[in-house]
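Only one structure is covered here, and it is reproduced in the block below.
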Amino acid sequence: MADQALDLNVGASAFVTPALRRRIESLALGAATIALVLVVWELLPHILPMQQGTRLFFSVPSRIFATLWQMFATGTIWGPLGVGATAFAIGLALAIAAGLPLGILLGRSATLNAMFDPFVTAFNATPRLVFLPLLMLWLGIGLWSKVAIVFFGALFPLLINTHEGIRNADKLLINVVRSFGATGWDVARLVVVPNALPFIVVGLRLAIGRAILGVVVAEFFGAQDGLGVVMVRAASSFNVDVVFAGLVLFAVLSLVMTGMVKLIEDRMSRWRPQRAQNE
Amino acid sequence: MTVECLVDERLPRASFVKRHRDAMLGVLTVALFFAVWQAIFLVVPLNPLFFTTPSLIAAGFVDLVESGDLLHDLAVSAVPFGLGLLAAVIVGVPLGILMGWRVRIGYALDPLMTVFYASPLVALAPLLVIFFGVGLAGKTVIVFTLAVFPFIFNAASGVRAVDRLLINVVRSLGGRERDIYLKILFPSVLPYIVAGARIAIGRALIAVLVGEFFAASEGIGYAISRFGDIFAIDRMFACIITVMVIAVVLTEGIRWAERAAFPWRASQ
């Protein structure tokens, strides 16, 4: 019995490698900091004497989460959230449908790439927000101006990363496959696409971030409905709890979705020495 | 003799075309794009409330420049842009270096900062506008909020990428703490910070536009949304294209500076 217990102990201490200890330490410290920030924030109104006016602009985590809870309990959140989600889904789907073929086309043809490079550079460098007033003018303040902003935001990360992935294909591998009698389709299937896939996934992660950003700004300025509209209305009536609740919701959605893509990305790029381009 | 001359004349020219083929193709396509845009409205009747042509945009641009409105709006927007970015550098770089240098501080702050960096912080804009007002202060704070995180994360990764061996070498050769900072840390982190600046500038531009779309009485973002409201499409396009040119010049300028100043990183 004693021997067994001892054995287990040895097993456990061998199991806790320095790497694992570092991992545990980093998780504990990270969680502790976040907890500390929340606690200090919660206690701040009790510590600092605040004037009535400042109190109006202030909220604490407990009230924010109570507000969030109430939004879900009463179901008032689903309507605005659904509006945003629809624009997000349609815009992202369109961006994927357009971005991948365009990226492949530009990746395969140096001439086309040279021709369209100024447009890609210009649109990628410019915040898409600048087109919002124009898109509102053309498409109205309903669903489609939101879809357009999401589309433009998500298109370029997808296009550029696909292009980068296609161009990055190993020339030697292509030549080898060609020498063994592969057709163009075979080259694409065996070398180019598998090589480009991790790049495309990185593009997708960036695109999701941009798409959520697009929904937020589009709803702030050009919408009648949606979580962004709820937040702006709450802000103008000094309902700070609701603004923070909306921010938390957007942040959680963004973290969860990009986190899921990141998991796929890590699985795919585990074996490759050279990571796909990040930003 | 004449043959040789011909060859001499021709060779450099041929190589010039070859060398600049990509750039020329790009310029030609852009020119073609504007030409087609102009030509379409020779056939299709122009509804000036919703559409415009390059010639009208050019006229609007000249108008805005001559009246001084464009320069005024740009100057108004440039102040919060510059101040916010400056504050982001002053706060973000030391914080990032600290997070990279002291491992435990990095462990402690990384998750919190990641949450901030990954969440759409623009959503804070309505609140910041209430807190700090619609003027310079509000816009500067929005710019700072969005632009600080690229500096933090890039400075931290720059420090983490420092070659430990070099530190040991400096130590063994009798270098002091100051030498480590000046001779290893600083040159190693700088390229990362410049790369962070490129990302931060993009976010700062978004921040200025958000601040000015919300509520402002001047600034380039305000100009764009006002020209949209009064259906002055030509001047609106002039402002949009100006913003595009500025964005391209800033980001490509930094990219160029990166290649020129840190050529050893250019391949990455």
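Naming: A, B, ... by sequence-line order, numbering from 1 per chain.
- Most heavy-atom pairs under 4.5 Å with chain B: of the set A/F131, A/F220, A/F116, this distinction falls to A/F220.
- Expressed to the nearest 0.5 Å, how far CG of A/L129 lies from CZ of B/F213 amounts to 4.5 Å.
- Neither the backbone nor the side chain of B/L250 comes within contact range of chain A, judged by heavy atoms closer than 4.5 Å.
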Audit row: B/L112, A/V37, side chain to side chain contact (heavy atoms under 4.5 Å, CB included) steps and yes/no: CA-CA 9 Å; B/L112 188 69; A/V37 167; 3.9 Å; yes

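- Of all the listed residues (B/L109, B/I240, B/I233, B/I105), the one sharing the greatest number of non-hydrogen pairs under 4.5 Å with chain A is B/I240.
- Between the CG atom in B/L209 and the CZ atom in A/R128 there is a gap of 11.5 Å [rounded to 0.5 Å].
- Residues B/L28 and A/M115 are not in side-chain contact: their nearest non-hydrogen atoms beyond the backbone lie 4.5 Å or more apart.
- Each of B/T251, B/I224, B/L32 has some count of heavy-atom pairs under 4.5 Å with chain A, and the biggest count is that of B/I224.
- Proximity to chain B involves both the backbone and the side chain of A/A122, based on heavy atoms less than 4.5 angstrom apart.
- Rounding to the nearest 0.5 Å gives a distance of 7.5 Å between CG of A/N113 and CG of B/D22.
- The CD1 atom of B/I246 sits 10.0 Å away from the OG1 atom of A/T126 when rounded to the nearest 0.5 Å.
- Only the side chain of B/F237 comes within contact range of chain A, with at least one heavy atom under 4.5 Å from a heavy atom of that chain.
- In the displayed structure, A/F152 atom CZ is contacted under 6.0 Å by at most 12 heavy atoms of other residues, nucleotides or ligands.
- Atom CG in A/L137 sits 9.5 Å away from atom CZ in B/F51 (nearest 0.5 Å).
- Contacts between B/M236 and chain A at a heavy-atom distance below 4.5 Å involve the side chain alone, from C-beta outward.
- Residue A/R108 places its CZ atom among 12 or fewer non-hydrogen atoms of other residues, nucleotides or ligands, all under 6.0 Å distant.
- For the options A/N124, A/L213, A/V130, A/V232, heavy-atom pairs under 4.5 Å to chain B are most numerous at A/V130.
- When each of B/F116, B/F227, B/F231 is checked for heavy-atom pairs under 4.5 Å with chain A, B/F231 comes out on top.
- For chain A, the nearby parts of B/R104 are the backbone and the side chain; heavy atoms of each come within less than 4.5 Å.
- Contact count against chain A (heavy-atom pairs under 4.5 Å) is highest for B/L124 among B/L124, B/I201, B/D110, B/D229.
- In terms of heavy-atom pairs under 4.5 angstrom with chain A, the leader among B/P120, B/A23, B/G228 is B/P120.
- In this structure, B/P111 and A/G30 approach most closely via the heavy-atom pair CG-CA, 3.5 Å.
- With a threshold of 4.5 angstrom between heavy atoms, A/F250 approaches chain B through its backbone and through its side chain.
- Put simply, CG on B/L127 and CZ on A/F244 are 5.0 Å apart, with the number rounded to the nearest 0.5 Å.
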